[in-house]
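So the structure is just underneath, and the comments pick up after that.
Chain naming here is simple, since letters A, B, ... match the order of the sequence lines and numbering starts at 1 in each. Computed from heavy atoms alone, side chains included, the values below leave out hydrogens, waters and symmetry copies. Note that the structure is a prediction, hence the values are computed from the model and not measured.
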There are 2 protein chains.
Amino acid sequence: MLKLSKLTDYAVVALVRLGQKEGVTTSPVLSRSTGIPEPTVAKVLKILATQGVVISQRGARGGYRLASPLEEISIATVIQAIDGPISLTTCVDGGDCDARSTCGLGEQWDLVNSAIRNALSSITLADMKNHTVTDRLETMNAPTMFIAPEATA
Amino acid sequence: MLKLSKLTDYAVVALVRLGQKEGVTTSPVLSRSTGIPEPTVAKVLKILATQGVVISQRGARGGYRLASPLEEISIATVIQAIDGPISLTTCVDGGDCDARSTCGLGEQWDLVNSAIRNALSSITLADMKNHTVTDRLETMNAPTMFIAPEATA
DNA sequence: ACTAATTGGACCGAAACAGTACTGTTTCAT
DNA sequence: ATGAAACAGTACTGTTTCGGTCCAATTAGT
Ligand code: FES
Ligand code: FES
């Protein structure tokens, strides 16, 4: 269905909320604040901590805090942290493709990958809480990336 | 991992190859031509036929042919035909989200959805077969376009 | 030093996915 | 009319990934 995992969904919510807090915040608090089940938010934060998106403080009086301001964390970063690398292809890196030599368009997939990554990188967590950016996206979405120039001909 | 299903991968390959043939082409022929296992390519074509992406000709001397020229079929169309609708959110339509009322950023997800859909719609199957773009990609493909704090596998 | 609070990492069940096989229906060639 | 070729649809099975839960390691405070 090409949907990002629910964990990633929750991660974005948790991070945005975390960015609005002062100091460190614990999993239970974040859970109550967002409505996400406690075990789930705990797991999400754990993963994000290993990826360096959030800083964890262990022990009593511990908790999590954002490693970077909300504006500098892109959706792509969160997805990568939770779901792993963004490679739509299944072919480019893994190599477990049966075709490979016969399909002929192996390299072209990078086109798609770049497009996706570009789109995902242009949205930050700050945009997710800020309603003013909705209009700005309209101009940002112009398909003027690096699509084949003569491909449209 | 945010990857499109392998079926979709195969679908793109099959469609591009199909667009380079004259008249109708059978599944076995397409299988040999692409290197994709016969049963799989058959399944993919079947799905694409129900979605109207390809036209099927039944009976002896039958086969498949593209419903539209390659230039008019976008990657997004193929993904939607195989994997279903592109909704990254899991929240907007399904409604099986535990947070919903407390998360507060439900509407903002459309931002992400639009970005993805736009990126995917701007690439056509014709772009995938065009090898002149391959070289161009080498120069234009930014090595890292988003911050990867510690992308250790 | 002890205790309580909190994160870290491992484990397990469930669901979706990829692939395969079979049977039926349609059409062309003989 | 008959037989073969090719698509259509359904059902089944093995595998992988995802979502959720549980227990162990770590630290602050008393
Ligand atoms: S390498 Fe996987 S389809 Fe070409
Ligand atoms: S509706 Fe699902 S996280 Fe907000």
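- Along DNA chain D, the nucleotide closest to A/Thr8 and the one closest to B/Arg58 are compared, and the more 5′ of them pairs with B/Arg58.
- A donor-acceptor contact shorter than 3.5 Å links the side chain of A/Thr50 to the backbone of A/Ile47.
- Going from atom CD1 of A/Ile47 over to atom P of C/dT7 covers 14 Å, rounded to whole Å.
- Applying the side chain to side chain donor-acceptor pair (under 3.5 Å) criterion to B/Thr77, with sequence neighbours excluded, gives B/Ser74.
- The nucleotide whose nearest atom lies closest to any side-chain atom of A/Tyr64 is, among C/dA5, C/dT20, C/dG8, C/dG8.
- A sub-4.0 Å separation between OP1 or OP2 of C/dG8 and a side-chain N or O of A/Ser56 is present.
- Within residues 38-46 of chain A, the residues having any heavy atom under 4.0 Å from DNA chain C are, by residue number, A/Lys46.
- For the OP1/OP2 pair of D/dA5 and a distance below 4.0 Å, the side-chain nitrogens and oxygens of B/Thr26 include no atom meeting the criterion.
- Set against D/dG19, C/dT20, C/dA4, the side chain of A/Ala60 has C/dA4 as its closest nucleotide.
- Side chain of A/Gln108 to main chain of B/Asp127: a donor-acceptor pair is present (N/O by atom type, distance under 3.5 Å, no hydrogens or angles).
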Please list, for nucleotides 12-16 of chain C, all pairs of protein and nucleotide N/O atoms separated by less than 3.5 Å.
none

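- Of the candidate nucleotides D/dC7, C/dG9, D/dT27, D/dT27 has the atom lying nearest to any side-chain atom of A/Gln57.
- A/Thr8 places no side-chain N or O within donor-acceptor distance of the main-chain N or O of A/Leu4, the cut-off being under 3.5 Å.
- For A/Ser56 (side chain) and A/Arg58 (main-chain N/O), no donor-acceptor pair under 3.5 Å exists by modelled atom type.
- Counting only heavy atoms from C-beta on, B/Leu7 has its side chain closest to C/dG19 among C/dA29, D/dC7, C/dG19.
- Residue B/Asp9 contributes atom CG, which lies 16 Å from atom P of C/dC17 at whole-angstrom precision.
- Panel note: side chain B/Ser122, backbone B/Ala119; a donor-acceptor pair is recorded below 3.5 Å.
- Distances shown here put a side-chain N or O of B/Ser5 below 4.0 Å from the OP1 or OP2 atom of C/dA18.
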